[in-house]
Protein chains: 2
Amino acid sequence: MAQARNTNVISAFPTRRHNHGRCVSTAIESAERVSEARGARFTAIRRRVLELVWASHEPVAAYELLDRLKLEKSNATPPTIYRALEFLLENGLIHRIESLNAYVGCGNPENEHNGQFLICTRCGVVAELGCDSIDGAVRERAGELGFTVESHTVEIQGICESCGKTTR
Amino acid sequence: MAQARNTNVISAFPTRRHNHGRCVSTAIESAERVSEARGARFTAIRRRVLELVWASHEPVAAYELLDRLKLEKSNATPPTIYRALEFLLENGLIHRIESLNAYVGCGNPENEHNGQFLICTRCGVVAELGCDSIDGAVRERAGELGFTVESHTVEIQGICESCGKTTR
DNA sequence: AGCGGTTTTGTAATATTATATCAATATTGG
DNA sequence: CCAATATTGATATAATATTACAAAACCGCT
């Protein structure tokens with residue numbers, strides 16, 4: 001019983017030695033369920049791009065994904081990647097980090113949400129929060145001004161706990 | 001006594017008929033004071049780009065600024081604009097809206113801050129908040145996870161009060 | 001299996017956003 | 001005025017993203 005419901009971590013900063021294969025396989029299985037449920041086609045390209053996004057917990061740029069995909073699919077072009085990214089975004093399987101023009105796997109694709117992201121400027125790793133207190137503060141203040149919230153982008157730059165402990 | 005200190009609006013949604021010349025002249029005067037205080041040079045190009053950013057309350061893209069600047073300075077090139085934007089950002093005179101790759105004037109340049117932005121997806125206008133409750137929620141949650149906040153990007157998409165009242 | 005409509009992918013071209021580099025000019029402090 | 005520094009000019013190129021149209025794959029139906 002570690003987390004209060006209203007401040008749950010969707011995808012925490014991973015330990016150096018976590019079983020990352022498990023992150024990937026969980027993400028793929030989730031994606032299969034989400035696609036199935038929506039009648040969306042989780043094609044080979046889309047699956048592979050999702051795996052590439054999940055290669056780490058650091059956001060990946062579109063052209064990095066393209067370079068990697070080209071290694072195994074030499075006819076891949078920018079639209080190949082951008083179409084796959086569009087599909088993955090639409091289905092909530094990845095998030096775009098606006099301040100980095102880069103993409104990161106979503107840790108909880110089975111629930112629709114706008115995440116909040118903690119971005120470590122030292123190691124590049126991103127953690128995702130599904131934090132109702134931040135979301136609430138946003139909606140409350142917006143509401144006071146007569147503004148109806150549709151979505152939000154919350155990206156927090158700083159130093160993660162693990163990097164904070166090491167010498168600069 | 002309308003605003004509580006911790007939720008002040010730095011730059012509200014403007015009325016259609018506000019005196020916009022006043023927004024611009026205030027911004028320029030502020031910029032002069034800020035530059036003076038910092039020993040920074042508020043050159044003609046920088047001043048003009050700031051005026052162009054302040055042409056409206058909608059974020060402006062870099063190449064739009066370039067096109068406008070070229071009308072009066074035909075040798076302007078991308079670096080002309082990007083250098084001016086860099087100066088204005090460094091000195092807190094404008095903000096970059098990450099989700100739009102665009103720039104908007106800062107309503108309170110004399111106090112250093114990370115703003116929060118309400119972006120109307122109907123009319124394109126942006127309001128800036130300096131909202132301690134959002135900032136506090138962010139810092140609190142980050143702190144619980146051992147994350148040290150350096151800066152944040154908070155961009156809220158939705159419909160402003162005035163657009164919400166008109167027929168879709 | 002065959003057909004027709006729809007979605008996905010292939011391919012080429014281009015648009016948009018941003019930076020690197022180095023030379024020339026302007027400004028500042030001494 | 002000189003020398004150091006900051007700013008601007010000019011060219012090239014990098015990085016990110018989209019448009020357009022044709023070909024192929026897939027799906028539901030018979």
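By convention in this document, chain letters (A, B, ...) are assigned in the order of the sequence lines, proteins followed by strands, and residues within each chain are numbered from 1.
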Flag yes if more than 12 heavy atoms outside Glu32(A) fall under 6.0 Å of its CD atom; otherwise flag no. yes
Return the set of residues passing side-chain contact (heavy atoms from CB on, under 4.5 Å) with Ser30(B) (not counting sequence neighbours), or none when no residue passes. Arg33(B), Pro109(B), Glu110(B)
Verify, without hydrogens or angle tests, whether Gln116(A) (side chain) and Glu128(A) (backbone) share a donor-acceptor contact under 3.5 angstrom. no
Name all pairs fulfilling the ring pair (Phe, Tyr, Trp, His ring centres under 6.0 Å) condition that reach into residues 115-147 of chain A, sequence neighbours left out, sorted by first residue then second. His95(A)-Phe117(A), Phe147(A)-Phe13(B)
Residues touching DNA chain C, which here means a heavy atom under 4.0 Å, drawn from residues 46-70 of chain A: Arg46(A)
For Thr121(B), give me all partners under side-chain contact (heavy atoms from CB on, under 4.5 Å), at least two apart in sequence or on another chain. Glu150(A), Gln157(B), Ile159(B)
Any luck finding a side-chain donor-acceptor pair between Asn108(B) and His113(B) under 3.5 Å? no
Can you name the nearest heavy-atom pair linking Ile119(A) to Ile97(A), along with the distance? CD1-CG2, 3.7 Å
Does anything in residues 93-104 of chain B pair up under salt bridge (Lys or Arg N to Asp or Glu O under 4.0 Å), and if so which pairs, sequence neighbours excluded? Arg96(B)-Glu98(B)
Identify, residue by residue, the members of residues 76-103 of chain A with a heavy atom below 4.0 Å from DNA chain C, and return them in order of residue number, or none. Thr77(A), Pro79(A), Arg83(A)
Those residues at least two apart in sequence (or on a different chain) that pass side-chain hydrogen bond (donor to acceptor under 3.5 Å, both in side chains) with Thr80(B) are Thr77(B)
Excluding sequence neighbours, so at least two apart, what forms salt bridge (charged side-chain N to carboxylate O under 4.0 Å, His left out) with Glu155(A)? none
Taking salt bridge (Lys or Arg N to Asp or Glu O under 4.0 Å) as the cut-off, I'd like each qualifying pair that reaches into residues 10-27 of chain B, sequence neighbours left out, listed once. none
Contact interval (first through last nucleotide) of DNA chain C with protein chain A, 4.0 Å heavy-atom: dT7(C) to dA12(C)
Any residue in residues 34-44 of chain A with a heavy atom nearer than 4.0 angstrom to DNA chain C? Just list them by number, or reply none. Arg41(A), Thr43(A)
Do any pairs count as a salt bridge (Lys or Arg N to Asp or Glu O under 4.0 Å) and have a residue in residues 70-94 of chain A, sequence neighbours left out, and if so which ones? Arg48(A)-Glu72(A)
